[in-house]
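Okay, so here's the structure we're looking at.
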Amino acid sequence: MNDWRQNLLNWYEANKRDLPWRNIKDPYKIWLSEVILQQTRVNQGWEYYLRFIKNYPTVSDLAAASEQDVLKLWQGLGYYSRARNLHAAAHTIVKEYEGKFPAKFESIRALKGVGDYTAGAIASIAFNLNYPAVDGNVMRVYSRLFGITTAIDSTNGKKQMNELAVELLPAKNPGTYNQAVMELGAMVCLPSNPQCESCPVQQACYAFLHKNMLDFPVKQGKTKVRNRYLNYIVIVQKDSILIRLRKSKDIWHGLHDFPVVETDRPITQAKFLKDKKWNEVVLLRNPVLKDVSEEYVHLLSHQKLFARFYLLEIVNGKMELPADSFWIKINDLENYAVPKLIDLYIRKKILK
DNA sequence: AAGGCGGGGGA
DNA sequence: TCCCCAGCCTT
């Protein structure tokens with residue numbers, strides 16, 4: 001191999017970052033790191049990876065844990081289906097493969113939460129199998145290198161990108177090559193500030209030679225943000241607090257929060273109190289309003305959350321509870337996985 | 001093919 | 001503000 005790819009590999013050997021999951025062959029740890037890094041920056045996932053390895057050194061340890069404990073360890077990282085799928089896949093590996101990580105691409109790809117990218121990454125890095133690992137970095141690098149104008153978020157674009165990645169994959173050390181392309185995308189071929197002057201493959205790069213790096217990759221793109229107004233009812237009785245498990249397909253599935261009255265437009269504090277809006281969720285006899293929090297604004301990818309917390313104290317315990325809610329001791333709050341937003345409120349107002 | 005799913009950081 | 005991150009799953 002005597003083309004730009006050799007320059008890339010040389011550059012990679014000389015400049016690669018020292019990451020906790022580098023120079024490791026244990027497929028379990030490779031898998032864990034890849035799932036953590038889905039749509040997540042290295043810096044953000046770093047400590048989570050170390051924590052998971054420490055708490056669950058093997059796939060059997062992970063499978064033996066409760067889902068809530070796994071979610072708790074994942075708390076704050078986002079995209080919680082990753083944690084639920086990780087836990088489910090650990091069970092699969094223990095039951096179907098006797099705790100030994102499957103070594104075939106199709107078997108890896110069939111695990112919950114493992115798509116084409118992750119399966120390719122595990123197969124090539126942990127098992128030295130000849131599969132590409134095409135992530136956002138790779139698509140940005142290749143689209144610039146070859147001047148590809150097919151939108152990368154279209155079915156066609158992904159197909160084209162994958163075929164290209166298969167063609168370019170060297171026969172030897174596919175895992176190293178895959179990581180080299182990704183590393184280039186993460187360190188040099190940046191989205192808005194590409195460092196072309198220090199790029200090992202600039203002389204082969206279409207976008208560099210045409211000075212239009214920022215035109216790539218092409219995307220169809222479209223993100224609309226929905227506003228949601230969450231009026232949380234926080235009910236405390238002595239040393240207990242009422243929480244509930246979030247179940248639906250909505251955000252934070254599997255995590256806990258409080259009974260909530262939700263609207264798609266703002267509702268004033270005064271109206272909320274005057275209309276005793278909490279009765280839409282939980283029927284209370286004589287609640288005592290202890291505190292109304294300021295508005296917490298929480299910006300997510302697809303929705304903007306405006307949350308306010310109404311802290312009520314129940315003196316004479318007559319009420320009808322929402323079906324999914326239950327009492328826990330305030331001191332046990334830390335054992336339940338909660339969204340970032342709820343965690344902020346709890347630390348500030350409940351545990352203070 | 002399109003939309004949902006978190007949270008953080010950089011421009 | 002908007003974009004993007006070592007994507008995946010459901011509809």
Side-chain angles (χ1 to χ4, degrees), chain A residues 12 16-17 19-22 30-49 71 74-86 88-89 108-122 124-125 132-141 151-159 161-162 165 175 177-187 189-194 214 216-217 219-226 228 246 248-255 257 296-305 337-344:
Chain A
Y12 177 65
K16 64 182 173 188
R17 291 169 289 181
L19 307 176
W21 48 86
R22 283 261 161 88
I30 303 292
W31 168 51
L32 176 63
S33 72
E34 291 301 340
V35 173
I36 286 177
L37 292 175
Q38 288 167 5
Q39 292 294 285
T40 304
R41 308 206 179 225
V42 164
N43 284 343
Q44 195 186 354
W46 190 297
E47 290 301 322
Y48 283 87
Y49 172 81
L71 281 168
W74 198 272
Q75 180 176 310
L77 198 52
Y79 283 151
Y80 297 94
S81 65
R82 291 184 292 171
R84 299 196 309 271
N85 289 334
L86 191 75
I108 299 169
R109 178 64 178 81
L111 295 171
K112 281 194 178 183
V114 175
D116 287 334
Y117 162 74
T118 304
I122 297 172
S124 64
I125 298 172
V134 182
D135 71 340
N137 287 313
V138 175
M139 290 193 282
R140 185 171 56 255
V141 169
I152 62 168
D153 53 352
S154 67
T155 304
N156 213 334
K158 285 181 193 133
K159 181 164 171 281
M161 202 54 81
N162 204 60
Y177 174 81
N178 284 336
Q179 293 182 81
V181 183
M182 289 189 278
E183 191 81 348
L184 187 73
M187 305 293 290
C189 196
L190 305 175
S192 61
N193 248 349
L214 298 190
F216 303 97
K219 292 192 178 182
Q220 305 179 140
K222 53 187 157 282
T223 41
K224 36 179 181 275
V225 175
R226 169 170 69 124
R228 296 173 71 173
R246 295 186 65 95
S248 62
K249 293 170 189 161
D250 202 353
I251 55 172
W252 303 329
H253 176 105
L255 277 64
D257 61 358
Y296 289 66
V297 182
H298 203 71
L299 186 60
L300 303 179
S301 302
H302 304 284
Q303 30 191 304
K304 188 171 184 179
L305 306 179
V338 299
K340 196 76 180 177
L341 178 63
I342 304 298
D343 192 53
L344 285 176

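Note: hydrogens, waters and symmetry copies are ignored here, and every other heavy atom, side chains too, is used. Worth saying up front: this structure is predicted, and the values here are computed from it rather than measured.
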Exercise. Taking atom types as modelled and ignoring hydrogens, do the side chains of A/Y117 and A/Q38 form a donor-acceptor contact shorter than 3.5 angstrom?
Worked result: no
Is [X] touching bases, backbone alone, or none of the nucleic acid, heavy atoms closer than 4.0 Å?
X: A/G185; result: nothing
X: A/N43; result: nothing
X: A/H298; result: sugar-phosphate
X: A/L86; result: nothing

N or O in side chain of [X] less than 4.0 angstrom from [N] OP1/OP2:
X: A/R82; N: B/dG6; result: no
X: A/W46; N: B/dG8; result: no
X: A/K249; N: C/dT11; result: yes
X: A/T118; N: C/dC8; result: yes

Seminar exercise, completed: Note: for A/D250 and A/N193 on DNA chain B, the residue whose nearest nucleotide lies more 5' is A/D250
Exercise. Side chain of A/Q39: nearest nucleotide among C/dA6, C/dC5, B/dG8?
Worked result: C/dC5
Exercise. Does the B/dG4 base have a donor-acceptor partner in the side chain of A/S301 within less than 3.5 Å?
Worked result: no
